[in-house]
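Index from 1, following the sequence.
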Amino acid sequence: MWQVTAFLDHNIVTAQTTWKGLWMSCVVQSTGHMQCKVYDSVLALSPEVQAARALTVGAVLLALVALFVTLAGAQCTTCVAPGPAKARVALTGGALYALCGLLALVPLCWFANIVVREFYDPTVPMSQKYELGAALYIGWAASALLMCGGGLVCCGAWVCTGRPDFSFPVKYSASRRPTATGDYDKKNYV
């Protein structure tokens, strides 16, 4: 749902709505019946859709790499020895998340620009005008969350880069056990 049929002026027949996206186009009847068709050829698509597909797949793959790098730099894992190096790994993961958000934002804004430009173009017939679809709004929200999350990871890791004692501040001790008399052990566990 990157593009949705716009109902304007003389185009008041709402019996069917057309949705267009990166991977397929769908026609939804007013009865609720939906028929979708996957694009047959990649080469038959417009260059904008081809580029948007590539950037979207690239953003997904980069998010997967960012996930693994961030997990390696997390305090709760032992992939990297505790210290400033671990904080730098987490910082790299956060930067990758922020970059992923920017990479996902590019095709969304580009596609929205095309939809808006064609909507206001007087040479495009009213029956072929489209509006922004729900997928664009969801994508913008996801990009914002990726950039904010990456920024938070970066800020948290940046604070810990200068600390040589980069470890958990919590010290664990054994819990007190009840004795046979019902009283608790008076031993100090540290």
Side-chain angles (χ1 to χ4, degrees), residues 1-74 89-154:
M1 287 187 67
W2 286 51
Q3 293 179 332
V4 180
T5 304
F7 298 107
L8 304 165
D9 293 341
H10 304 298
N11 186 16
I12 58 171
V13 179
T14 59
Q16 67 183 38
T17 305
T18 305
W19 299 344
K20 288 186 179 181
L22 294 182
W23 310 102
M24 66 179 70
S25 63
C26 297
V27 176
V28 181
Q29 307 290 336
S30 60
T31 59
H33 179 69
M34 182 182 345
Q35 184 177 5
C36 294
K37 184 178 185 300
V38 177
Y39 297 131
D40 294 328
S41 173
V42 175
L43 299 175
L45 296 172
S46 66
E48 294 87 8
V49 174
Q50 290 178 13
R53 276 181 165 192
L55 288 170
T56 304
V57 169
V60 169
L61 293 176
L62 185 63
L64 191 62
V65 170
L67 174 69
F68 290 128
V69 171
T70 305
L71 282 176
V89 170
L91 183 68
T92 303
L96 286 176
Y97 269 127
L99 181 65
C100 176
L102 284 173
L103 190 63
L105 191 63
V106 169
L108 293 165
C109 293
W110 189 8
F111 215 82
N113 181 31
I114 291 168
V115 171
V116 170
R117 194 176 58 226
E118 287 179 357
F119 184 82
Y120 289 113
D121 188 1
T123 61
V124 176
M126 289 287 187
S127 60
Q128 294 179 0
K129 293 193 184 246
Y130 291 94
E131 293 178 340
L132 302 177
L136 292 175
Y137 297 107
I138 293 170
W140 283 325
S143 293
L145 288 174
L146 278 168
M147 288 188 283
C148 289
L152 286 174
V153 171
C154 285

Pairs under 3.5 angstrom only: tabulate donor-acceptor contacts from the side chains of residues 53-64 to other protein residues two or more places apart or in another chain.
residue, atom, partner, partner atom, Å
R53, NE, L22, O, 2.7
R53, NH2, L22, O, 3.1
T56, OG1, A52, O, 2.7

Donor-acceptor list for residues 96-109 side chains, cut-off 3.5 Å, not counting sequence neighbours:
none

Pair T18, Y130 - check side chain to side chain contact (heavy atoms under 4.5 Å, CB included), show working. CA-CA 9 Å; T18 305; Y130 291 94; 4.0 Å; yes
Sequence neighbours excluded and cut-off under 3.5 Å, please list the side-chain donor-acceptor pairs for residues 66-73, or say none.
residue, atom, partner, partner atom, Å
T70, OG1, A66, O, 2.7

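- Under the rule for a side chain to side chain contact (heavy atoms under 4.5 Å, CB included), the partners of P125 that lie at least two apart in sequence or sit in another chain are S127, Q128.
- Among pairs with a residue in residues 119-128, none fulfils salt bridge (charged side-chain N to carboxylate O under 4.0 Å, His left out), at least two apart in sequence or across chains.
- When the ring-ring contact (aromatic ring centres under 6.0 Å, His included) test is applied to Y137, the partners found at least two apart in sequence or on another chain are W140.
- For M24, the side chain to side chain contact (heavy atoms under 4.5 Å, CB included) partners are C26, C36, V38, not counting sequence neighbours.
- The two residues C154 and A95 make their nearest non-hydrogen contact at SG-N, 3.2 Å.
- With sequence neighbours excluded, the residues satisfying side-chain hydrogen bond (donor to acceptor under 3.5 Å, both in side chains) with E48 are S46.
- When the salt bridge (charged side-chain N to carboxylate O under 4.0 Å, His left out) test is applied to D40, the partners found at least two apart in sequence or on another chain are K37.
- Taking CD of Q3 as the reference point, atom NZ of K129 lies at 12.5 Å (rounded to 0.5 Å).
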Carefully, step by step, assess V49 and F111 under the rule side chain to side chain contact (heavy atoms under 4.5 Å, CB included). CA-CA 8 Å; V49 174; F111 215 82; 3.8 Å; yes
